[in-house]
Each structure stands twice: as C-alpha cells, then as structure tokens.
Amino acid sequence: MPPYDLASRLVVGVASSALFDLRESDAVFREQGQEAYRAYQEAHVDHTLRPGVAFAFIRRLLSLNDLGEPDDPLVEVIILSRNDPDTGLRVMRSIQAHELPISRAVFLQGRSPYAFVAALDMSLFLSANGDDVREAVAAGLPAGQVLGSSYADDLADRELRIAFDFDGVLADDAAEQVYQSGGLEEFRAHEARHAATPHDPGPLRDFLAGVNRIQRREEERRATDPGHPSRVHVSIVTARAAPAHERAVRSLQQWGLRVNGAFFLGGIEKGAVLKVLGPHIFFDDQVTHLESAARTTPCVHIPFGKINETAPGD
C-alpha cells in the first residue's frame with residue numbers, strides 16, 4: 001500500500017483541549033495529580049466529552065470532504081495531544097460518539113506536540129495550552145490558542161464561516177510595528193506609500209490558501225450543479241481603514257488568495273461586528289481585540305510578532 005500523502009490536503013492539527021471541553025478533567029489533574037487524572041479518565045472512558053471552542057469549526061471543516069472522493073479527502077484533521085495513549089482513549093471514543101471522521105492521532109504523555117506540526121504538513125494547529133502555542137509560533141509554525149467557551153452550533157446551517165484579522169495573522173507584523181513606533185498617521189502614510197508592495201506572509205497565509213483550494217473545488221461542483229450551495233465564506237475583520245485598506249487587498253491579490261468579505265473597521269470594536277457575522281472561528285494576534293468577541297464567538301489568539309514578544313497577552 002502506498003503511503004498516505006498529506007501534502008495535497010488541508011491538514012489541521014487539534015489538541016483535545018481545543019476540540020472538547022476538558023475543564024472538569026483538567027481540574028482533577030491540577031488538584032490531584034497525574035495518577036488521579038488517569039483513574040478519572042479510565043472511570044469516565046465511556047462518558048462522551050462535550051464540545052469545546054473549536055468543535056463546530058472542525059466538524060464543519062470535515063464536512064467539506066463530501067466535495068472529494070471517499071478515499072481521497074480534501075481535509076485531514078489529526079489529534080495532537082499531551083495525553084498518553086491510555087487517557088487518550090476517552091478522547092477517541094468521544095470523537096466516535098460525535099461521529100467526527102477523525103482517525104489519526106498522536107499522544108505524547110505530557111510532552112508538547114507542536115514539533116510534529118511540520119512533519120505532518122499542518123497549516124494550522126489549535127490548542128488551549130498557551131505555552132505550547134507560543135513555543136510553536138516562536139518556531140515559525142502556524143498555531144493558535146483557543147479562547148472562550150463552547151459554541152452552540154446550529155446544524156440547520158451548513159455554511160462554514162471563517163474570519164481573520166489581517167496584520168500578524170495573514171500578513172506579517174511589519175505594518176503593526178510602524179503603528180507601534182510612529183502612531184496612526186505614520187502607519188497610514190507608510191501603507192499608502194507601499195500600497196503596491198505585498199506584505200510578507202504571516203502565520204496563517206498558507207491555511208487561507210488551503211481554504212481557497214476547497215472553495216475552488218466548490219466552484220467546480222457548481223459548474224456542473226448550479227444549485228450547489230456555497231458552504232465556505234471567508235472574511236477579514238481588521239482595524240485598518242482607508243487608505244491602509246488597499247495594501248491589504250493588493251497583498252491578497254498578489255499572493256493569489258481571496259476573501260469573500262472585508263471589514264475595514266478603523267478602530268471600531270470588533271466584537272459587535274463578529275456577533276452579527278457569526279464566524280465559526282476568528283483569528284487575531286491581539287488578545288485585547290478578542291476579549292469581547294470571545295464572549296459570543298469562537299476565537300483563536302495567534303501570539304505572533306513584536307507586540308506579543310514585548311507585552312504577552314496584549
């Protein structure tokens with residue numbers, strides 16, 4: 001049998017802490033230690049874990065595999081977990097109970113799993129463990145920490161909505177550094193002067209490229225089936241405004257990428273806009289932008305760039 005090729009797929013790694021609500025079992029680990037945790041998980045191995053922050057996003061992403069062939073999925077989700085194989089049994093049984101088509105997993109008995117992100121061709125790794133995520137991003141890997149609580153998913157709506165901040169997420173943080181050092185007017189002037197020059201890529205540029213490949217597959221399906229619905233909608237939600245908006249749009253164009261919607265908010269608080277937009281996941285590099293949004297929206301902090309080096313948590 002030939003090896004299973006990951007290179008042509010959209011591969012996402014997800015820690016059990018991002019996929020499921022592990023607050024109860026984590027409290028046992030923190031308060032009573034490893035052996036008590038192992039005993040607790042064994043006693044509850046058939047108790048299905050409740051959905052966590054990234055559950056709706058992952059489930060909807062996997063549902064897009066119906067655009068491909070059964071033995072050649074477009075999306076591959078792999079569990080990357082600090083659990084050991086024994087305590088990981090509850091995770092795998094919960095995956096089965098929720099009917100998620102996830103069959104591949106890595107369990108590392110307390111070790112950080114981020115080193116396997118590149119080996120497994122992942123364009124995104126999600127975890128609730130902030131230390132793991134920061135180490136991954138520092139190593140140049142596309143990782144984010146989930147924030148907030150589980151999301152009440154409406155299965156009557158099959159659309160997957162993904163929202164990104166731009167600077168420090170899709171693009172690097174060079175423009176953010178200009179803003180931090182020179183202020184708003186210098187930032188606007190700098191971006192206007194460099195409007196035709198694309199930004200260098202940020203941590204999730206390649207993840208968006210993978211999502212765009214699936215969107216192109218949807219377009220191919222609609223060419224033969226005009227009634228086929230568009231099930232993936234991608235937006236950027238950014239504090240940029242005119243004239244700095246143009247460089248963001250031009251960067252996407254020159255990268256060969258696209259989004260369906262753009263919100264150039266010019267400092268308007270993002271939470272209220274996201275509540276209406278209703279993304280199943282929103283990525284931003286600054287926790288201060290996520291504090292209100294995480295109350296109603298599944299959010300991911302990307303701890304990338306100078307602002308996260310000099311002021312962790314900002």
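We number each residue from 1, following the sequence as shown.
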Is it true that [X] and [Y] fall in one hydrophobic cluster, defined by side-chain heavy atoms closer than 4.5 Å?
X	Y	answer
F125	L6	yes
V169	V249	yes
V11	V14	no
F282	V234	no
I58	L49	yes

Decide, yes or no, whether a salt bridge links [X] with [Y] under the criterion of side-chain N to carboxylate O below 4.0 Å.
X	Y	answer
D132	R111	no
R216	E219	no
E220	R217	yes
R247	E191	yes

- For T197, which residues count as a side chain to side chain donor-acceptor pair (under 3.5 Å) partner, sequence neighbours excluded?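 Applying side chain to side chain donor-acceptor pair (under 3.5 Å) to T197 gives none.
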- Query: Mind checking what makes side chain to side chain donor-acceptor pair (under 3.5 Å) contact with E24, not counting sequence neighbours?
  - Reply: Y40
- Message: Using the rule given for side chain to side chain contact (heavy atoms under 4.5 Å, CB included), can you reason through F263 versus L277, listing the C-alpha separation, both sets of side-chain angles and the distance that settles it, and then say yes or no?
- Response: CA-CA 10 Å; F263 296 79; L277 181 62; 4.0 Å; yes
- Message: Determine whether R90 and D46 satisfy the following criterion, salt bridge (charged side-chain N to carboxylate O under 4.0 Å, His left out), listing intermediate values before the conclusion.
- Response: CA-CA 7 Å; R90 188 181 181 196; D46 289 319; over 6 Å; no
- Name of the residue among D72, N65, D121 meeting side chain to side chain donor-acceptor pair (under 3.5 Å) with R9: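 It is D72, the one option of D72, N65, D121 that forms the side chain to side chain donor-acceptor pair (under 3.5 Å) with R9.
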Hey, is [atom1] on [X] packed in by over 12 heavy atoms from elsewhere, all under 6.0 Å?
X	atom1	answer
F116	CZ	no
R222	CZ	yes
Y37	OH	yes
E69	CD	no
R93	CZ	yes
R193	CZ	yes

If I compare all heavy atoms of [X] with all of [Y], which pair ends up nearest, and what's the gap?
X	Y	result
A54	L126	CB-CD1, 4.0 Å
R60	R158	NH1-C, 3.4 Å
F283	I302	CD2-CD1, 4.0 Å
P279	A163	CB-CB, 3.9 Å
R59	L100	CB-CD2, 3.9 Å
N129	R82	ND2-NE, 3.5 Å

- Roughly how far, to the nearest 0.5 Å, is the CD atom of Q215 from the CZ atom of R213? 11.5 Å
- Interatomic spacing from CD in E185 to OH in Y179 - rounded to 0.5 Å: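 Between atom CD of E185 and atom OH of Y179 there are 10.5 Å.
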- side chain to side chain donor-acceptor pair (under 3.5 Å) partners of residues 94-109, not counting sequence neighbours, each pair once: E76-R104
Give a yes or no on whether the backbone of [Y] and the side-chain of [X] come within a donor-acceptor separation of less than 3.5 Å.
X	Y	answer
S251	H199	yes
H194	H190	yes
D284	D165	no
T297	A294	no
H301	D285	yes
Q253	A248	no

- Assess whether side chain to side chain contact (heavy atoms under 4.5 Å, CB included) is satisfied between E291 and E269, documenting all intermediate values. CA-CA 10 Å; E291 288 172 345; E269 205 277 327; over 6 Å; no
- Query: Under 30°, 30 to 60°, or over 60°: which ring-plane class applies to F166 and W255, parallel, tilted or perpendicular?
  - Reply: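 The rings of F166 and W255 lie parallel, inter-plane angle below 30°.
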- Could you go through the side chain to side chain contact (heavy atoms under 4.5 Å, CB included) check for S81 and V106 one step at a time? CA-CA 6 Å; S81 175; V106 176; over 6 Å; no
- Run the numbers on D173 and I307 for side chain to side chain contact (heavy atoms under 4.5 Å, CB included), then give the verdict. CA-CA 9 Å; D173 71 326; I307 196 165; 5.9 Å; no
- For the residue pair H280 and F57, is the inter-centroid distance of their aromatic rings smaller than 6.0 Å? no
- Task: Kindly indicate whether a cation-pi arrangement holds for R205 with F164, taking the cut-offs as under 6.0 Å to the six-membered ring centre and within 45° of the axis.
- Result: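 Verdict for F164: no cation-pi partner in R205.
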